[in-house]
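To start, the structure under review is shown below, and the notes come after it.
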Amino acid sequence: MLKIALPDGTQRTYSSPVSAYDVAAEIGPGLAQAALAAEVDGGQTDLHALLPPEGEVALKLLTKRDAAALEILRHSAAHVMAQAVMRLFPGVQLAFGPATETGFYYDFLLKCPLTEEDFPHIEAEMRAIVKENLAFERLEIPRPEALELCRELGQELKVEHLETGLDDQETLSFYRQGEFVDLCRGRHLPSTKHIGKGFKLLSVAGAYWKGDSSRQQLQRLYATVFFDKKELAAYLHQLEEARRRDHRVLGKKLNLFEIDDRVGAGLVLWKPRGAVIREELQNFIGQHLKRQGYSQVFTPHVGKLELYQTSGHFPYYQDSQFPPLVDRETLRKLADDGCSCSDLANRLTAGQIDGYLLKPMNCPHHIRIYASEKHSYRDLPIRLAEFGTVYRWEQSGELGGLTRVRGFTQDDAHLFVTEAQLPDEIAGCLELVKIVLGTLGMSDYRVRVGLRDPESDKYVGQPAQWDRAEAACRQAAAGLGVEYTAEPGEAAFYGPKIDFVVRDVIGRQWQLGTVQVDYQLPERFELEYTGADNKPHRPVMVHRAPFGSLERFVGVLIEHFAGAFPLWLAPEQVRLMTVSEKSADYARQVETQLRQAGLRLTADYRGQKLGAKIREAQLALVPYMLVVGEKDAQQGTVTIRDRLEGDLGPRTLAAAIDQLQAEIAAKTVRQTKQ
RNA sequence: GCUGCUGUAGCUCAGUGGUAGAGCGCGUCCUUGGUAAGGACGAGGUCAUGGGUUCAAAUCCCAUCAGCAGCUCCA
């Protein structure tokens with residue numbers, strides 16, 4: 001006897017074995033047709049799988065309206081895609097083919113490279129398989145037979161996975177549709193016809209077997225599927241929109257920055273318009289730093305190798321640094337002694353040669369500023385801030401636009417504090433990040449508190465200190481009024497940290513602001529302050545950067561605003577334009593006054609029609625246009641056009657300037673709804 | 001770093017072995033037009049770089065550099 005509880009509160013009892021489908025069919029033919037899979041006591045099951053014969057279960061039938069069904073659809077589509085590829089390319093080895101947040105992929109090992117030209121053929125074969133309406137059939141197979149089956153099928157990767165990843169499983173599940181059999185946990189749709197027509201292959205890329213870069217590389221086919229063709233179209237449109245907002249595209253179109261081959265990959269040239277945005281952001285944060293009692297410092301872009309040997313960054317992280325600089329004299333002597341390149345590298349690593357490093361971080365410089373004076377506990381906290389440019393040798397494949405570069409400027413600061421001051425100082429840092437994100441209308445972010453992994457012994461510092469610091473981080477994060485997750489094992493080896501992860505328009509997540517507690521560097525550099533007990537004490541350091549790096553932050557900001565910056569950040573705040581050349585003289589007076597008012601503008605005096613000038617300014621995403629014609633010249637007015645609202649009508653120049661300055665001062669974010 | 005794709009005018013791109021192209025932008029001239037494209041003429045190219053194949057290479061091959069997608073990485 002089986003009792004089934006349905007989500008609507010009703011109960012059904014069965015004396016003979018039934019599947020979820022049987023239950024659906026009994027409720028009604030419509031539901032039987034719509035049902036795709038089921039949840040039994042919260043766990044997924046195939047629609048036609050038999051339910052337990054005895055007891056009581058909660059059953060929920062999944063239809064295409066359930067998010068869980070979408071995942072099942074995508075995973076099933078992955079099998080169909082794999083089947084199509086196997087039909088078209090004999091000898092394919094299958095790896096993994098899961099559903100993802102936006103679609104699915106399948107990893108293949110095959111001799112010839114797949115290209116986009118193959119997509120239509122694969123898609124056509126997939127359509128054929130859908131039309132064949134093959135049932136997805138679950139097979140439960142004991143381990144020895146499962147291994148035998150995978151060997152027979154020639155699926156060596158599956159054999160390996162059975163022997164390593166799944167070595168504790170006595171029975172393995174396979175799914176079969178038609179001639180295609182795949183080792184798979186499931187679940188799947190009843191049959192291939194339910195996949196429908198809303199699928200599309202998107203891209204092909206390399207991926208390592210089991211995510212290990214030392215293993216063989218597979219070909220990963222990315223695709224997506226929706227229950228509805230319209231949803232697919234909407235998703236493709238969203239991808240299109242994301243491309244339109246791409247900061248690399250907008251950066252070129254709006255003349256914000258350039259990355260030039262002749263200068264070097266990953267090295268950003270900030271053009272005048274991009275520099276305005278950066279400067280405004282720096283000024284903005286600078287005001288808050290003053291308010292919070294920070295001291296501005298400046299330090300050079302290089303430091304002695306020995307400095308980084310003390311900090312531990314060299315040679316440990318040398319693969320992600322630009323190679324050291326060695327002076328001419330030393331190099332010549334080494335060459336005369338017959339020192340080879342590999343000797344040189346070894347001797348640099350061993351610390352036998354003096355050299356300089358392009359600084360990969362700012363902390364050692366700031367530490368030496370702290371250490372240049374003797375400090376009392378009364379001086380603390382000491383907060384040293386700098387827009388510090390650092391250089392890191394990112395792997396060539398990682399570079400991209402402004403978001404991953406080789407030289408970047410952090411809005412960096414280091415706080416030297418007593419342990420008692422730690423909670424307040426962390427809270428102050430978080431407040432700053434929150435102000436920054438709030439001012440820019442970036443609300444889609446999460447806060448991640450990285451704690452130590454209790455199992456690991458890689459961490460430096462006393463456990464009691466860690467407990468206090470972690471408590472301080474949690475407390476500060478909780479005080480933010482934003483949801484946060486505590487993630488054990490995510491701490492740096494030198495201390496816990498708090499990261500702000502912002503989600504951009506394409507759904508990618510970027511780690512921007514960060515606050516990190518550090519016990520390691522004060523130790524390594526033997527930093528001290530004199531306590532009230534007249535004895536030396538070790539300060540704790542806090543590293544923090546609300547933007548992370550200005551490059552990455554501006555990159556994300558460009559996409560966030562789709563290039564249409566709020567007035568206070570807009571490189572060109574106003575486009576002044578004449579109706580005809582007859583009003584040019586008056587317009588020049590207006591231009592002078594606007595400049596004196598501190599507004600950033602360009603003036604368009606060309607003998608073009610007004611419509612053309614407006615169109616250009618609209619496309620250039622200039623927030624306000626000031627139109628001056630003969631009527632304005634007579635009345636001493638300007639006519640304002642808002643990029644979003646259109647023509648706002650005439651007003652006196654003074655009134656127009658007041659309006660713009662008020663909006664700038666308020667840092668108002670105005671955007672059209674997307 | 002790895003796999004695949006790509007590199008032609010300032011930008012977006014067409015050109016698949018036989019004379020280097022388009023649109024936009026830019027310049028000059030005409031037009032003096034009140035809220036999203038007025039017209040005419042013109043300038044602009046080591047076809048990423050270096051080799052090779054060929055009577056002949058933007059086009060085919062190899063290498064390098066750079067970009068893109070993804071993987072791996074990010075103190």
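Heavy-atom basis, side chains included; hydrogens, waters and symmetry copies ignored. Just so we're on the same page: letters track the sequence lines, and every chain starts at 1. Quantities reported herein were computed from a predicted structural model and do not represent experimental measurements.
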N-O pairing of A/Arg606 and A/Glu581 below 4.0 Å: no
Any-strand Watson-Crick or G-U partner of B/A75, both distances under 3.5 Å: none
Nearest-angstrom distance from the residue atom CZ of A/Arg262 to P of B/U46: 12 Å
A/Gln608 vs B/G38: side-chain N/O to OP1/OP2 distance below 4.0 Å: yes
Whole-Å gap separating C1' (B/A36) and OH (A/Tyr624): 18 Å
Length of the line joining A/Glu258:CD and B/G10:P, which is rounded to integer Å: 12 Å
Spacing of A/Ile614 atom CD1 relative to B/A37 atom P, expressed in whole Å: 9 Å
Protein-nucleotide distance (A/Lys582, atom NZ; B/G34, atom P), rounded to Å: 10 Å
Distance, rounded to the nearest Å, where A/Asp260 contributes CG and B/G7 contributes C1': 15 Å
Residue A/Ala612, side-chain atoms from C-beta onward, closest of B/C73, B/C71, B/A37: B/A37
For B/A36, the Watson-Crick or wobble counterpart (both distances under 3.5 Å): none
Who pairs with B/A69 - Watson-Crick or G-U, where each distance is under 3.5 Å: B/U3
Assigned partner base of B/U54, Watson-Crick or wobble definition, under 3.5 Å: none
Nucleotide B/C30, atom P - distance to CZ of A/Arg606 in whole Å: 16 Å
Candidates B/C74, B/U35, B/G34 - which lies nearest the side chain of A/Asp647: B/U35
Proximal nucleotide (of B/G34, B/A66, B/A75) relative to the A/Glu630 side chain: B/G34
A/Asp107 (side chain) donor-acceptor with A/Leu218 (main chain) under 3.5 angstrom: no
Any A/Arg248 side-chain nitrogen or oxygen under 4.0 Å from OP1 or OP2 of B/A69: yes
Selected nucleotide, minimal atom distance to A/Glu398 side chain, candidates B/G1, B/A75, B/A36: B/G1
Contact under 4.0 Å: A/Tyr208 side-chain N or O vs B/G70 OP1/OP2: no
Contact under 4.0 Å: A/Arg392 side-chain N or O vs B/C74 OP1/OP2: no
Pairwise distance CZ(A/Arg248) to CD1(A/Ile558) - rounded to 0.5 angstrom: 11.0 Å
Complementary nucleotide for B/U64 - Watson-Crick or wobble, under 3.5 Å: B/A48
Nearest-neighbour nucleotide for the A/Thr639 side chain, B/U12, B/U35, B/C73 considered: B/U35
Charged N-O contact under 4.0 Å between A/Glu487 and A/Arg446: yes
Carboxylate-amine/guanidinium proximity below 4.0 Å for A/Glu240 and A/Arg244: no
Distance in angstrom units between A/Lys609 NZ and B/C30 C1', rounded: 14 Å
Nearest to side-chain heavy atoms of A/Ser320, which nucleotide of B/A75, B/A36, B/U35: B/A75
Distance between C1' atoms of B/C62 and B/G70 (Å, rounded): 26 Å
Aromatic ring proximity, centroids under 6.0 angstrom, A/Phe96 and A/His161: yes
Phosphate contact (B/G34 OP1 or OP2) by A/Lys613 side-chain N/O below 4.0 Å: no
B/G25: pairing nucleotide in any strand, Watson-Crick or G-U under 3.5 angstrom: none
